Every structure is written in C-alpha cells, then in structure tokens.
Number of protein chains: 2
Amino acid sequence: MADRLSETFGALADPTRRAILARLTSGEASVTELASPFAMSMPAISKHLKVLERAGLIARGREAQWRPCRLQAGPLHDVAGWVEHYRRFWEQSFDRLDDYLRELKKKDSKDKEKKHVRKQRKG
Amino acid sequence: MADRLSETFGALADPTRRAILARLTSGEASVTELASPFAMSMPAISKHLKVLERAGLIARGREAQWRPCRLQAGPLHDVAGWVEHYRRFWEQSFDRLDDYLRELKKKDSKDKEKKHVRKQRKG
DNA sequence: GGTGTATTTAACCTACTAGTTATTTAACTG
DNA sequence: CAGTTAAATAACTAGTAGGTTAAATACACC
C-alpha cells in the first residue's frame with residue numbers, strides 16, 4: 001500500500017471502521033464503548049483501531065486502564081482534496097449518459113449498415 | 001466488503017488504480033494505453049480495470065479488438081458526500097493547531113522574559 | 001482460413017486481511 | 001496481595017489481493 005492516500009482509502013474501505021469514525025464524531029470513546037455496537041470480539045476491534053491509527057485517522061490517549069480514542073480528520077482533508085479534482089466529471093455525468101445513449105443509437109444504426117456495406121471507417 | 005462505499009474506497013486504495021483514473025480524466029483510453037506507464041503485465045492491469053469497473057468507477061466500450069475505458073465519477077460523488085460530514089473536524093483541528101501555535105508563542109515570550117532576555121521581542 | 005494484435009482467462013504464488021480463541025499486560029480496588 | 005476490569009498480543013484459519021506466465025478469445029486484414 002505504501003503511500004499515505006492508499007493507506008487512508010484502505011482504512012476507509014471497511015464499514016466497521018467507518019462506523020467507528022462516525023461514532024467518534026460525537027466525542028472520545030474507550031475501546032469497549034467503540035466495540036459495543038458490533039457483534040465482534042474485542043481483539044477484532046482492537047485491530048480495526050490499529051488500522052485507523054496507522055492511517056492517522058484516530059489518536060489514542062491513556063487514562064488509567066482505558067485507552068480513549070479520538071478522531072483525527074487530517075487524512076480526510078486529503079481525501080476531500082483528492083476527490084475534488086473529479087468534481088466536474090460527476091457533474092457532467094448526466095451529459096455523459098446522454099452522450100452514451102446517443103452513441104449507442106449511432107452504433108446501432110451502423111451495425112444495421114454493416115449488414116449491407118462491407119468496409120466503412122469512422123470519420 | 002459488501003457495501004458500495006467500501007467497494008469504492010477499496011478500489012481507490014491502490015496507487016495504480018488512482019493513476020488510471022487520473023489518466024482517464026483526459027479522455028477514453030485503451031487497455032494498452034492505460035498499461036503503458038506501468039512496469040506491470042497486461043493481466044495485472046486488466047485486473048485493476050476489473051476492480052474499477054466493479055466499483056462503477058469506469059465503464060468499458062467495445063471498438064473492434066479494443067475495449068476503450070472511460071471514467072465514471074458517480075461513486076466519487078458519494079465519496080465527496082461521505083467525507084464532507086467530517087469537514088468541521090479537520091477545520092477544527094487546524095484551529096486547534098493554530099491555537100496551539102499561538103499558545104506556544106505566548107509561552108515562548110514568557111519564558112524569554114523569565115530569562116531576562118536583553119533583546120526586545122516584537123509583537 | 002491464416003496471421004497479427006488487443007485483451008481476457010486460467011493457474012498459480014505470496015502476502016495480507018479480518019476474524020477467531022486463549023493468553024498476557026496494565027492499572028485500579030478491596 | 002488477590003481479584004477485577006480494560007485492552008493488547010499471540011497463534012491460528014479462511015478468504016482475498018496483487019502480481020506472475022502461459023493459454024485462450026475476439027476481431028481485423030490479407
């Protein structure tokens with residue numbers, strides 16, 4: 001995975017981890033608190049937290065026997081920055097669908113031509 | 001992985017695949033064209049394309065023996081929407097960093113005062 | 001129909017992921 | 001100190017990811 005952005009996306013590619021981040025938007029939480037919504041063992045959660053920590057998406061403190069986790073949104077800023085470069089492409093998508101349908105129609109009529117005409121280049 | 005967002009993030013968690021998407025922002029391309037920048041076999045690229053296709057990030061046409069790929073940014077819109085929920089957290093963290101730096105400066109000048117600094121501080 | 005080119009599929013390998021249970025570490029509490 | 005609670009680590013498993021080479025498929029041209 002190597003690079004920062006891949007690590008971030010990798011960490012986000014799991015619904016449990018995204019749910020954990022969502023939970024952390026309402027404040028710090030202990031590992032047990034974070035684990036409680038999930039039908040999953042503590043070590044599993046512990047591993048998810050390690051992934052999030054390595055990706056810089058959470059930070060962990062120490063308070064007696066608790067390890068409170070808190071959200072660190074820095075990497076998400078980078079994600080927002082990355083995805084922003086593609087904005088015009090999703091905004092165009094309706095036009096594109098339109099183009100695509102038009103293209104389909106054209107192709108369709110060409111196919112029909114092919115049945116009569118042998119060789120014909122685009123242009 | 002199951003859900004749509006996980007699939008999207010999973011597809012984005014690879015630098016080769018992100019580079020392919022970036023290339024596609026400048027228009028359709030064949031598999032060979034997409035493969036050329038990478039020191040990687042064609043089948044490997046083919047697999048990456050399959051991942052991107054399954055995630056709905058590209059669509060593939062058919063023109064003779066070529067399979068031109070084009071960007072489909074819909075899922076990226078969802079990513080943008082998801083990450084947007086966290087905006088206040090990264091903005092807040094900058095504020096915090098700012099506060100921290102301001103705090104440091106204040107402390108710094110106090111420390112210097114304590115040491116009976118001869119040179120006068122600005123600001 | 002044979003040949004060349006573009007691309008996918010098959011079979012395989014290695015490494016990692018996401019989960020498990022059992023054990024260990026760390027800190028508080030009586 | 002013994003017991004309890006919070007969390008991490010160890011050791012294991014099944015499945016998946018990302019790559020390889022070799023073979024198969026799809027199409028165009030002569």
Side-chain angles (χ1 to χ4, degrees), chain A residues 1-3 6-21 23-24 28-55 57-70 107 110-111 113-115 117-123, chain B residues 1-3 5-21 23-24 28-55 57-70:
Chain A
M1 232 183 249
D3 64 298
S6 296
E7 194 116 22
T8 305
F9 280 127
L12 298 176
D14 183 290
T16 304
R17 288 195 288 263
R18 289 198 306 279
I20 288 173
L21 292 182
R23 163 64 185 80
L24 290 178
E28 280 197 0
S30 71
V31 177
T32 311
E33 283 168 346
L34 291 174
S36 66
F38 306 103
M40 201 180 291
S41 66
M42 288 288 292
I45 300 294
S46 201
K47 284 186 185 180
H48 282 305
L49 293 177
K50 193 172 283 181
V51 172
L52 290 169
E53 190 179 25
R54 286 213 53 191
L57 286 161
I58 65 171
R60 300 203 249 191
R62 189 160 234 177
E63 255 181 61
Q65 63 257 236
W66 294 274
R67 308 284 170 83
C69 297
R70 66 178 181 283
K107 221 175 193 173
K110 263 194 189 164
D111 286 351
E113 282 172 37
K114 262 192 188 168
K115 286 178 187 167
V117 185
R118 260 275 160 100
K119 222 167 142 188
Q120 193 166 12
R121 283 290 290 161
K122 254 202 270 182
Chain B
M1 232 184 247
D3 65 297
L5 209 45
S6 296
E7 195 115 22
T8 305
F9 280 128
L12 298 177
D14 182 288
T16 303
R17 289 195 289 263
R18 290 198 307 278
I20 288 172
L21 292 182
R23 162 64 185 81
L24 290 177
E28 279 197 1
S30 71
V31 178
T32 311
E33 284 167 346
L34 290 174
S36 66
F38 305 102
M40 201 180 290
S41 67
M42 288 290 291
I45 298 294
S46 202
K47 283 187 186 181
H48 282 304
L49 293 177
K50 192 172 283 181
V51 172
L52 290 170
E53 188 179 25
R54 285 213 55 194
L57 285 162
I58 66 171
R60 301 152 111 166
R62 188 162 235 178
E63 253 181 66
Q65 64 257 236
W66 294 274
R67 306 285 175 79
C69 297
R70 66 177 181 286

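The model shown is predicted, which means the values in this text are computed figures rather than measured ones. Residue numbering restarts at 1 for every chain, and letters A, B, ... go by the order of the sequence lines.
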Pick base, sugar-phosphate or nothing for B/A44, based on heavy-atom distances below 4.0 Å to the nucleic acid.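 If one applies the 4.0 Å heavy-atom cut-off, B/A44 turns out to touch a base.
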With each end axis built from five pairs of C1' atoms, what bend angle do you get for the helix from C/dG1-D/dC30 to C/dG30-D/dC1? Round to 10°.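 The end-segment axes of the helix from C/dG1-D/dC30 to C/dG30-D/dC1 are tilted 10° relative to each other.
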Summary of protein contacts for nucleotides 1-12 of chain D, nucleotide by nucleotide, where a base hit scores B, a sugar-phosphate-only hit scores S (4.0 Å, heavy atoms): -----SSSB-B-
Using the side chain to side chain donor-acceptor pair (under 3.5 Å) rule, collect all pairs that involve residues 58-69 of chain A, keeping only residues at least two apart or in two chains.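 Every pair satisfying side chain to side chain donor-acceptor pair (under 3.5 Å) with a residue in residues 58-69 of chain A: A/E53-A/R60.
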Could I get the full list of side chain to side chain contact (heavy atoms under 4.5 Å, CB included) partners for [X], not counting sequence neighbours?
X: B/P43; value: B/S41
X: B/R54; value: B/E7
X: A/A19; value: A/F38
X: B/M42; value: B/V31, B/T32, B/A35

Please report the shortest heavy-atom distance between A/P15 and B/S6, naming the atom on each side.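 That would be CD-OG, 3.3 Å.
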To check you understand the geometry: which heavy-atom pair defines the closest contact between B/A13 and A/G10, and what is its length?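 Of all heavy-atom pairs spanning B/A13 and A/G10, the closest is CB-N, 3.4 Å.
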Are B/E33 and B/C69 side-chain neighbours, meaning at least one heavy-atom pair lies under 4.5 Å?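 Not in contact.
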Less than 4.5 Å apart, side chain to side chain, heavy atoms only: is that true for B/L24 and B/L57?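 Not in contact.
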Under 4.0 Å from OP1 or OP2 of D/dG19: is there any side-chain N or O of B/H48 that close?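 So the side-chain polar atoms of B/H48 do come within 4.0 Å of the phosphate oxygens OP1 or OP2 of D/dG19, strictly under.
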Integer-rounded Å distance: D/dA17 P and B/F9 CZ: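 Result: 17 Å.
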Of all nucleotides in DNA chain C with an atom under 4.0 Å from a non-hydrogen atom of chain A, which is the first and which the last going 5' to 3'?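 Both ends considered, the range comes out as C/dA18 to C/dC28.
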Those residues that, when tested against A/R17, pass salt bridge (charged side-chain N to carboxylate O under 4.0 Å, His left out) (two or more places apart):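 For A/R17 there are no salt bridge (charged side-chain N to carboxylate O under 4.0 Å, His left out) partners, ignoring immediate neighbours.
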